[in-house]
Amino acid sequence: MAADLNPAQREAVNTLSGPLLVLAGAGSGKTRVITYRIAELIRHRIRPERILAVTFTNKAAREMKERAMVLLGKRRRKATPEISTFHALCVRVLRRHAQRLGYPERFPIYDRGDQESVARSALREIRVSSEKLRPGDLLSQISAWKSHSVLPEAAGESATTDKQILSALAYAKYRTALRASGAMDFDDLLLLTEQLFTEHPAVRQQEAGRFDHLLIDEYQDTNGLQYRIVRALAEGHRNLCVVGDDDQSIYGWRGAEVEHILNFKNDWPEATVVRLEANYRSREAILNLANVLIAHNSARHDKVLRPYRKGGEPPRFVRFEDENAEATAVVREIHQRVNAPPPDRAGPQDFAILFRTNEQPRAFEMELRRANIPYVLVGGQSFYDRKEVRDIMAYLKVLAHPGDEVSLLRIINTPSRGIGSSTIQTLLGHAVDRGEPLWNVLDEAARHGDISAAARQRVEAFRQMIRRYRERLTHMPLVDLVSDLIQEIDYKGELERLASSPADVDVKFAAVEEVVNAIGSYAARTEEPTLFGFLEETALAGREDLKDDNEKKQPNAVTLMTLHSAKGLEFPHVYMVGMEEGLLPHSRSLIENRSIDEERRLCYVGVTRARDTLTLTFCKGRMKWGKLRPSIPSRFLMEMRGETDRAQRAAQAGHQAALAAAAAREKAAKKPKKAKKRRSGTTPRRR
DNA sequence: CCCTGCGCTTTTTTT
DNA sequence: AAGCGCAGGG
């Protein structure tokens, strides 16, 4: 079966027992190795359901599953290996044992938007203005603590800087709020799984005992929690295979620690180590660039990718006036190649435009639309981030989870139904007094004298409506129920009232209809569709199933995506745009004296996505907040060309520019502002 | 309680 | 350029 593998790959596939570390360079056939390995295990009579493979994204899981099935061919049976992400795995574990942790069996999973509203009110509760500590910063701090299993009390003790002390206080509020709603955020899924394993050894044994073989993909991107969960699951049988590339570690900001892959041998001394250094993807000319670039990083497993595909066009470095010129030229070139005569012809799907930040694709989208070239924008401002979509999803969450306070607060007066902020504050007060979820005090609202009669009536009407739909959940198709609900609350009317133009209403209502479609497609492919199931799936898969829908609708499309989303993919023709100081490396990584090595790895990931041609572009200047700001070419460009002294000059200039911008911002923040009125009534405090 | 309009801030990557 | 929060009038 494995005749077409090289010796290193074959060793990785055939070392079936004991710990195994596969250091797989970019384009070295890593995915193939993993899927062949799964197939090989099954060929050796390991029962498929005793194999667990963990991937980084749902998409990767789905693809791996498909490939493994193809490979197994006739052996394909009902039982399949379990292939999923860490988060999906943990959800399944937690669901089996939720009660032990004091959570309901089905719990809401809070996405980024929910987290932000909780973070915001947590900051309000401790009376910290979001100028002093932004919700986003608070959330990353909390996430960092969680990835080290640090709870609020411990966070408070270890906090040193002002920001950390405030963050620790807010963290406590944040945690209380989530618990009060019976909700978990993404980190909680991992954190509580770990907690479950430590507090209940029997549970750990039971869960670990479900599998005899464990495979972890993208191991360089595991954070502390994931690392400990892997250990807890594999310690018994020790059949642990991890695959990764330290040079492609690009999620340090999210708590990933490259040390896990670098120190694998310490934890698993008997481990076999296999290096995959032959690159089957990129032309020699492209790979040379990548090797030169990554050599600038220290603290890495030394390895040099060897090109299997020799020669190739040298990568191009192109400068433009501004981002519009950049987009026009790139799209014009794609257009030419798409319409070229056969030998040079390429399909739109052969092209990828890669960028660092999500504001960059705008100009490219415009040009692609103008040129009538189909494209897919991956990730970015997600469908599920849109206000109208979030509103509908909040209704669904309230139907499914009565305790979900964040969602309830979002919809209790959306569309506006006469339940104003003072009424809500009063209700919240009752909830706090009684130590119960907001939903539970709504029925009593009718009896309380401190709410106006009109408001009481409206609250009661709202409560009855939600109750009615909850009752219908069990004996009515989901799609019909949701359609009815959208009609009853007259969401379209709300959009008409708020939107700026009729076209805007159409666009927004189309998004609402997309939600209904998503429910429909979920219900169609699921044996026992439930609202819980749908919510869980969207929380975990998020934007991904929509991505796939896009890909099905537009199979021949240019791909636009961030460098982060590009990991693991390849394209014949790659454009890396906006190769400028401040973007790549990003200014924020320059200021927060975090190492720019990770930015360099990000650049490396981009370069190694290209099979045949690679074009790196940068601009003289770039519009930012309506002003044209000059740009400095990225130091990485010079590094790749071996122009070390020019690279250093660029680096210095880049640092200075970033620092100057930071200083200017600082100054602006300190400048005396118009006295802002403090809100008198803040959210009541929870105990 | 609802809506409008003004003024202020905004700098990354995402399971 | 755009989104958010807030003040003030209906």
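Chain letters run A, B, ... following the sequence lines, proteins first, then strands; residues in each count from 1.
- For the OP1/OP2 pair of B:dT13 and a distance below 4.0 Å, the side-chain nitrogens and oxygens of A:Ser565 include no atom meeting the criterion.
- Taking atom CG of residue A:Leu139 and atom C1' of nucleotide B:dT15, one finds them 14 Å apart after rounding to whole Å.
- When the P atom of C:dA2 is taken as reference, atom CG of A:Asn358 falls 17 Å away, rounded to whole Å.
- We find that CD1 of A:Ile216 is positioned 18 Å from P of B:dT15, with the value rounded to whole Å.
- Stacking here means ring centres nearer than 5.5 Å and ring planes tilted less than 30 degrees, and by that measure A:Tyr251 does not stack onto B:dT14.
- Distance A:Arg386 CZ to C:dG3 C1': 15 Å, rounded to the nearest Å.
- Between the CD atom of A:Glu116 and the P atom of C:dG3 there is a distance of 15 Å, rounded to whole Å.
- Here the two rings, on A:Phe364 and A:Phe355, have centers that are 6.0 Å apart or farther.
- For the pair A:Lys146 NZ and B:dT15 P, the computed distance is 18 Å after rounding to whole Å.
- Of the residues near DNA chain B, A:Thr85 and A:Arg417, the one whose nearest nucleotide (by heavy atom distance) lies more toward the 5' end is A:Arg417.
- Closest to the side chain of A:Ser416, from the set B:dC3, B:dC1, B:dT10, is B:dC3.
- Residue A:Asn413 is in sugar-phosphate contact alone, with no base atom involved, counting any heavy-atom pair closer than 4.0 Å across all strands shown.
- Heavy atoms of other residues, nucleotides or ligands lying less than 6.0 angstrom from CZ of A:Arg362 number 12 at most.
- Put simply, NZ on A:Lys387 is 13 Å from C1' on C:dG5, counting in whole angstrom units.
- Here the side chain of A:Ser422 is nearest to one of B:dT10, B:dC1, B:dT15, namely B:dC1.
- With rounding to whole Å, A:Leu94 atom CG is found 19 Å from B:dT15 atom P.
- By the side chain to side chain contact (heavy atoms under 4.5 Å, CB included) test, A:Phe618 pairs with A:Arg319, A:Met579, A:Glu580, A:Pro633, A:Leu637, sequence neighbours left out.
- Minimum atom distance to the side chain of A:Arg497 is reached by B:dC3, of the listed B:dC3, C:dG5, B:dT13.
- Not counting sequence neighbours, the partners of A:Asp185 by the salt bridge (charged side-chain N to carboxylate O under 4.0 Å, His left out) test are A:Lys146.
- Comparing B:dT13, B:dT10, B:dT14 by their closest approach to the side chain of A:Arg112 singles out B:dT14.
- Closest to the side chain of A:Thr57, from the set B:dC1, B:dT15, B:dT13, is B:dT15.
- Annotation: side chain of A:Asp490 is not in contact with side chain of A:Pro415 (no heavy-atom distance under 4.5 Å).
- Between A:Thr562 and B:dT14 there is a side-chain polar atom (N or O) within less than 4.0 angstrom of OP1 or OP2.
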